[in-house]
Amino acid sequence: MRRMTTLRTIEWISESPPALIPGHVRLIDQTQLPETLAYLDTADVEVLREAIRMLRVRGAPAIGIAAAMGVAAAAQAVLPASREAVLAAADAAAARLAGARPTAVNLFWALERMQRLARTCDAPTAQALAERLAREACAVRDEDAAMCRAIGGHGLPLLRDGCTVLTHCNAGGLATAEFGTALAPVYAAAEQGLSVRVFADETRPLLQGSRLTAWELMQAGIPVTVITDGMAAQVMKEGRIDAVLVGADRIAANGDAANKIGTYGTAVLARHHRIPFYVLAPTSTIDLRTPGGDGIPIEERDREEVIRGFGRLTAPESVAVYSPAFDVTPAPLVTAIVCEKGIVRPPYEEALRLVAERRPRPIPPTTGAPPAR
Ligand code: MRU
């Protein structure tokens, strides 16, 4: 069995290991792909907020990791200081980062986790508290990587040797710590020597499918074909697709799932063509506080992304534009939800509550952190 690895989308770089602080965040600047693999190094909360806002780091789990690391960076930035000053810096950073994007619940999940830790941690000094926050942010990253691996394992039996899947947007390694959610079973299949082909929807308007999904699958040597979004119906009708695999930015308590705009249409097409439609996401994406999809805030993006996404004007300059970044696929169109705990099938309400309430226990970070006291 060959071990598939994807690039580390985001990580905390310590300047003097095994201590985690001082340190900074290193992330792949996804706006540069597929032309250039470039990294952004920063310990500045405002730079991180901009990176999230402008999709340099994107995908629900990766956004959560970036936010957690942003809080840690803000805490260390005020040292030497009082414990209260570190707490205040963490809270201020959380407030700034929470405003970066509204839909991916992992952002708020990660910020709440960091703030809870800051308030309850018994670290005796400001330095120790900042170190503890950096360790927690690294744990958020490491746990996400482990959850993606587990999603791959649970999703693998849904695929068979020689099958072809369709995916929308990028829910691969680039959208997570590594390995991805929707693409995790594809990588897991490759590890087993199985042949799985991928059709990647281009994903208008910012082309996460053609720029990112196609790029990362090609890096991994997995056969991938790009189609424009409007081609999905024809490709399904031609019998080329065995399953649809997508990620999610937020899964409501009833199983309604928000994901990149165009996902809902893909689900409707899949139902019409009797193709199973799977949503793959870690439990950090399940939002039990939101009863149904109507309650999920949908981000609206700047008109420029639609009419001049990559520099060239593609619509009349002054035309009216509406640009919701996400849509909600109603639970009845979702064949199953795959999370790190296993496969959840309808009816979702009770099953999602059970898996989300039993989120994995925090695991110790692997990045040179001192042992927990
Ligand atoms: O706007 P983006 O690129 O952040 O949208 C990302 C998606 O919609 C992903 O499919 C979703 O976050 C799941 S990532 C594992």
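Atoms within each ligand, like the ligands themselves, are counted from 1 in listed order. These values consider heavy atoms only, across backbone and side chains, with no hydrogens, waters or symmetry-generated copies.
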Are [X] and [Y] close enough for a salt bridge, meaning some N to O gap below 4.0 Å?
X: Glu50; Y: Arg101; value: no
X: Glu131; Y: Arg135; value: no
X: Glu136; Y: Arg113; value: yes
X: Arg53; Y: Glu299; value: yes

### Query
Looking at Ala171, which atoms of ligand 1 are within less than 4.0 Å of one of its heavy atoms?
14 (S), 15 (C)
Is there a heavy atom of [X] sitting under 4.0 angstrom from any atom of ligand 1?
X: Ala248; result: yes
X: Pro61; result: yes
X: Asn170; result: yes

### Message
Is there a side-chain hydrogen bond (donor to acceptor under 3.5 Å, both in side chains) between Gln208 and Arg58? Walk through the geometry before answering.
### Response
CA-CA 10 Å; Gln208 288 92 331; Arg58 34 68 50 208; over 6 Å; no
Which protein non-hydrogen atom lies closest to [atom], naming both residue and atom, and how far is it?
atom: atom 15 (C) of ligand 1; value: Thr181 OG1, 3.1 Å
atom: atom 14 (S) of ligand 1; value: Ala175 CB, 3.4 Å
atom: atom 7 (C) of ligand 1; value: Asp249 OD1, 3.2 Å
atom: atom 12 (O) of ligand 1; value: Ala60 N, 2.8 Å
atom: atom 6 (C) of ligand 1; value: Arg58 NH2, 3.5 Å

### Query
Where do Thr266 and Phe277 come nearest, in terms of heavy atoms and distance?
C-CE1, 4.3 Å
### Query
Around atom CZ of Arg197, are there more than 12 heavy atoms of other residues, nucleotides or ligands at under 6.0 Å?
no
### Message
Between Thr103 and Asp249, does the side-chain hydrogen bond (donor to acceptor under 3.5 Å, both in side chains) criterion hold? Intermediate values first, please.
### Response
CA-CA 6 Å; Thr103 304; Asp249 284 83; over 6 Å; no
### Message
Considering Asp144, Asn106, Asn259 one by one, which has a heavy atom nearer to atom 9 (C) of ligand 1 than any of the others?
### Response
Asn259
### Task
Counting heavy atoms only, name the option from Gln30, Gln208, Lys260, Arg101 that's nearest to atom 4 (O) of ligand 1.
Arg101
